[in-house]
Amino acid sequence: MELAGLNEALDDPLLESINFLNEVANRYPDAVSLAAGRPAEDFFDPDELEGYLRRFRRHLSEDLGLDRRGVARTLFQYGRTKGIIHDLLARHLEVDEGITADPEALVVTVGAQEAMLLILRALRAGPRDVALAVSPTFMGFTGAARLVDMPVLPVASGPAGVDLEDLRAQVRKARADGLRPRCLYVIPDFANPTGISLDVPTRRRLLEAAREEGLLIVEDNPYGTFTGRAARLPTVRSLDDGAQVAYIGSFAKTMLPGVRVGYVVADQRVGGRERGYFADELGKIKSMVTVNTPPLSQGVVAGHLLTHDFSVHKANSAVTVLYRRNMDLVLAGLERRFPAGSGVTWNTPAGGFFIVLSVPFTADDGLLEHSARTHRVLWTPMSHFYDGAGGETQLRLSCSSLTPKDIETGLNRLAGLVAEQRTGAVVASR
Ligand SMILES: Cc1ncc(COP(=O)(O)O)c(C=O)c1O
């Protein structure tokens, strides 16, 4: 049987993006990857797994008074749709982020990715509804929007991380076109892909603008822990006293991507409902998407939180030093290889995983393939983070999952690619 006429999102190159980048990486396993936004594996320890689960079991029996049967049921049975570790997550948010949240306003999700999908599904009531996102942005958000037929209008990032003038202009224009802007997706800390963070005045002004425009801010914060040389800044959610922000967290970078646990704090009240939060509506959708987040995964996260006094930030102090060192090595390495006048420039993020490099030639998927094959170095074309045109002569470098030797080799190879593109002489990199 041949299938035709499938959902039109499936013909959108955006949905191929992650697979394409993975596929290139798999085809050239000896290439140094300056592409992958993966956490470092140096601190992954399989022995910790049992320890975390044991710690969670102890919590269930000693703190919650469950007998053996109750513990088994909690870990092995279908569970509460919004999750079973909401109280512990609320404590973690208080400790690490200064966010006070009613545990009932939390939904534990299968990664941040599911949280985005749930929010977009809920907000998309009809063909007039649109989302806005600071552009360039994480393709997971734009991709999830495609799946629910929600157009995403770009808002310029600018040097501050969000151009508030442009935000207002986009909202105004959308309304004039008969559209209904529902939310703004933003990554205020060490954004993917730009590495930019919003300063505190910008965060406050963003909140103000969102309030005035009646726009829900969807704040996604997977990288905020990795402060590099910067001081930690308050999340937009922690500055918000009017439930203007739905806050998405993820343990993919701060614990284990494989655990697939994220969450959303959604304490907005929903019009027409007697009681309850936006989170309850998201829970209804979740019950038809993933039913519940696997309790074993939630147990690992909970055990980690209990073991580390609820501070993911403190538990990550060693790996944060590693990321800071890598970022410094990449920045210094770029400086040495691309002097002023070379036509190559880059930004200097204060932390996180990513740096954006601008080059005097087109850096597209074709060049990435060539780079992987001939120079054995991978990077991410910035065009993948634009919904439409943009980023054609830029590439994203990631410094998270590399040794100092990889960084040197990777940058040498990248310099080889740049020299070749500028002079036209193809010389395979060492
Ligand atoms: C900005 C951003 N949000 C969310 C995610 C995905 O999070 P999760 O693995 O929890 O779905 C990523 C992963 O790369 C990301 O960069």
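In listed order, ligands and their atoms are each counted from 1. Note that this is a predicted model, so its numbers are computed, not measured.
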### Task
May I ask you to decide if A125's main-chain N or O and D129's side chain share a donor-acceptor pair within less than 3.5 Å?
yes

### Message
If the cut-off is 4.0 Å to any non-hydrogen atom of I187, which atoms of ligand 1 fall inside it?
### Response
1 (C)

### Query
So, does R396 use its side chain to make a donor-acceptor pair with the main chain of A35 at under 3.5 Å?
yes

### Message
Over 60° means perpendicular and under 30° means parallel, so tell me whether H304 and Y52 are parallel, tilted or perpendicular.
### Response
tilted

### Task
Please report which non-hydrogen protein atom sits nearest to atom 9 (O) of ligand 1, along with the residue it belongs to and the distance in Å to one decimal place.
R260 NH1, 2.7 Å

### Message
Tell me if the CZ atom of R57 is crowded by more than 12 foreign heavy atoms within 6.0 Å.
### Response
no

### Query
Do F141 and L120 pass the side chain to side chain contact (heavy atoms under 4.5 Å, CB included) test, and can you show the C-alpha distance, the side-chain angles, and the key distance before you say yes or no?
CA-CA 9 Å; F141 180 80; L120 286 160; 3.7 Å; yes

### For Q113, the ligand 1 atoms whose distance to one of its heavy atoms is below 4.0 Å
11 (O)

### Task
Provide, to 0.1 Å, the distance between atom 12 (C) of ligand 1 and the closest protein heavy atom, together with that atom's residue and name.
F138 CZ, 3.4 Å

### Task
Please identify which atoms of ligand 1 are closer than 4.0 Å to at least one heavy atom of S250.
7 (O), 8 (P), 10 (O)

### Query
Is the CD atom of E94 crowded by more than 12 outside heavy atoms at less than 6.0 Å?
yes

### Subset of ligand 1 atoms that lie under 4.0 Å from at least one heavy atom of A252
9 (O), 10 (O)

### Query
Is there a donor-acceptor pair closer than 3.5 Å between any side-chain N or O of D166 and the backbone N or O of V155?
no

### Protein contact of atom 7 (O) of ligand 1 - nearest heavy atom, named by residue and atom, plus distance
A112 CB, 3.5 Å

### Query
Has R232 got more than 12 heavy atoms of other residues, nucleotides or ligands less than 6.0 Å from its CZ?
yes

### Message
Test of understanding: given a 4.0 Å heavy-atom threshold, classify the contact between Y223 and ligand 1 as side chain, backbone, both, or neither.
### Response
side chain

### Proximal ligand 1 atoms for M116, defined as those under 4.0 Å from one of its heavy atoms
3 (N), 4 (C)

### Summary
Of D220, T254, T137, the residue with the heavy atom nearest atom 2 (C) of ligand 1 is D220

### Query
Can a non-hydrogen atom of P222 be found less than 4.0 Å from any atom of ligand 1?
yes

### Message
Tell me whether ligand 1 is touched by F353 - counting only heavy atoms on the residue side and a distance under 4.0 Å.
### Response
no

### Message
In the structure I gave you, are the side-chain heavy atoms of D406 and L34 within less than 4.5 Å of one another anywhere?
### Response
no

### Message
Distance under 4.0 Å to a non-hydrogen atom of K253: what atoms of ligand 1 satisfy this?
### Response
13 (C), 14 (O)

### Message
Tell me whether D102 at atom CG has more than 12 heavy atoms from other residues, nucleotides or ligands lying less than 6.0 Å away.
### Response
yes

### Query
So is there a nitrogen or oxygen of F251 less than 3.5 Å from a nitrogen or oxygen in ligand 1?
no

### Query
What part of Y185, side chain from CB on, backbone N/CA/C/O, both or neither, has a heavy atom under 4.0 Å from ligand 1?
side chain

